[in-house]
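Below is one structure, written out as structure tokens, with a few remarks after it.
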Amino acid sequence: QVQLVESGGGLVQAGGSLRLSCAASGRTFSMYVMGWFRQAPGKEREFVAAISWMGGSTYCADSVKGRFTISRDNPKNTVYLQMNSRKPEDTAVYYCAQTDGPTLRVAEVGYAYWGQGIQVTVSS
């Protein structure tokens with residue numbers, strides 16, 4: 001049973017920073033790609049960032065590139081999303097996800113396991 005639990009969400013002012021954490025359990029964490037998605041009110045869920053199983057390769061969506069950073073700590077079975085210079089448009093429910101293979105993916109269908117999501121609100 002693979003379980004993903006997000007934490008670290010909350011309210012932050014525009015321009016501020018927030019770090020999300022995702023703790024994984026149930027199987028070997030380091031062998032799978034981890035990703036972050038988000039879903040804003042009235043919008044479809046979109047890709048945010050992903051990191052390879054060894055942590056050597058990352059990819060961020062254009063909308064967050066230069067502001068968000070994804071990282072992972074395999075001994076702790078945890079992936080992070082550092083969010084800096086936040087904008088009101090970043091307000092959404094953020095989801096941690098895990099692939100069922102080692103290939104980095106950006107499509108939602110490429111991820112087999114999902115957390116319950118965590119609310120992040122950016123005030124103006």
Side-chain angles (χ1 to χ4, degrees):
Q1 180 78 21
V2 175
Q3 294 184 336
L4 304 175
V5 181
E6 302 96 338
S7 63
L11 174 67
V12 65
Q13 292 183 335
S17 299
L18 194 67
R19 188 178 74 166
L20 301 181
S21 299
C22 174
S25 63
R27 67 177 182 177
T28 304
F29 175 81
S30 62
M31 295 299 294
Y32 300 93
V33 174
M34 300 295 297
W36 287 97
F37 290 76
R38 67 184 183 184
Q39 186 169 23
K43 296 184 178 181
E44 299 293 324
R45 185 154 57 186
E46 65 174 345
F47 171 79
V48 176
I51 187 167
S52 66
W53 67 277
M54 294 186 70
S57 298
T58 61
Y59 183 81
C60 293
D62 290 340
S63 60
V64 304
K65 191 171 298 182
R67 300 188 298 118
F68 291 9
T69 302
I70 187 171
S71 62
R72 67 192 300 165
D73 187 338
N74 289 336
K76 295 183 178 180
N77 293 334
T78 302
V79 62
Y80 304 97
L81 184 67
Q82 179 68 43
M83 302 178 287
N84 300 325
S85 302
R86 292 187 60 83
K87 305 175 181 179
E89 293 77 20
D90 295 324
T91 295
V93 175
Y94 284 71
Y95 296 88
C96 175
Q98 184 181 79
T99 68
D100 212 12
T103 303
L104 189 149
R105 302 182 184 278
V106 300
E108 181 177 342
V109 296
Y111 290 80
Y113 305 99
W114 296 82
Q116 294 183 345
I118 187 167
Q119 178 69 47
V120 174
T121 302
V122 182
S123 62
S124 300

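Quick caveat: nothing in here was measured; it's all calculated off a predicted structure. Along the sequence shown, residues are numbered consecutively beginning with 1.
A 4.5 Å side-chain heavy-atom check between Met83 and Val120 finds at least one atom pair inside the cut-off. Between Ser63 and Arg38 the shortest side-chain heavy-atom distance falls below 4.5 Å. Side-chain contact check for Ile70 versus Val79: some heavy-atom pair is nearer than 4.5 Å. Inter-residue side-chain proximity for Trp36 and Cys96 is flagged as met; some heavy-atom pair is nearer than 4.5 Å.
The hydrophobic cluster containing Val12 does not contain Tyr94, counting ILVMFWY residues as joined when their side-chain heavy atoms lie under 4.5 angstrom apart, directly or transitively. Under a hydrophobic clustering in which Ile, Leu, Val, Met, Phe, Trp and Tyr are joined whenever their side-chain heavy atoms come within less than 4.5 Å, directly or via other members, Ile118 and Val122 fall into different clusters.
For the pair Ser17 and Asn84, the tightest heavy-atom approach, listed with the atom from each and the gap, is OG-OD1, 2.8 Å. The two residues Val33 and Ala50 come nearest to each other via the heavy atoms CG1-CB, 4.3 Å. Closest heavy-atom contact between Ala112 and Asp100: CB-CB, 3.9 Å. Scanning all heavy atoms of the two residues, the minimum distance from Tyr32 to Gln98 falls at CB-CG, 3.7 Å. Heavy atoms only, all atoms of each residue included: Leu104 and Ser57 are closest at CD1-O, 4.1 Å. A pairwise comparison of heavy atoms in Gln13 and Ser123 identifies CA-OG, 3.4 Å as the closest pair.
Distance alone, capped at 3.5 Å, places no donor-acceptor pair between the Glu6 side chain and the Cys22 backbone. A donor-acceptor pair is defined here as one N or O able to donate and one able to accept, closer than 3.5 Å; such a pair exists between the side chain of Arg72 and the backbone of Ser52. Thr121 contributes no side-chain N or O that, together with a main-chain N or O of Thr91, makes up a donor-acceptor pair within less than 3.5 Å. The backbone N or O of Thr69 lies less than 3.5 Å from no partner atom in the side chain of Gln82, so there is not a single donor-acceptor pair.
With salt bridges taken as basic N to acidic carboxylate O contacts below 4.0 Å, none links Lys87 and Asp90.
In this structure, CZ in Phe37 is found 4.0 Å from CH2 in Trp114, a value given to the nearest 0.5 Å. With values rounded to the nearest 0.5 angstrom, Phe68 atom CZ is found 14.0 Å from Thr58 atom OG1.
Leu4 pairs in a side chain to side chain contact (heavy atoms under 4.5 Å, CB included) with only one of the listed residues (Tyr111, Tyr113, Tyr95), which is Tyr113.
The number of heavy-atom neighbours closer than 6.0 Å to CD of Gln39, taken from other residues, nucleotides and ligands shown, is above 12.
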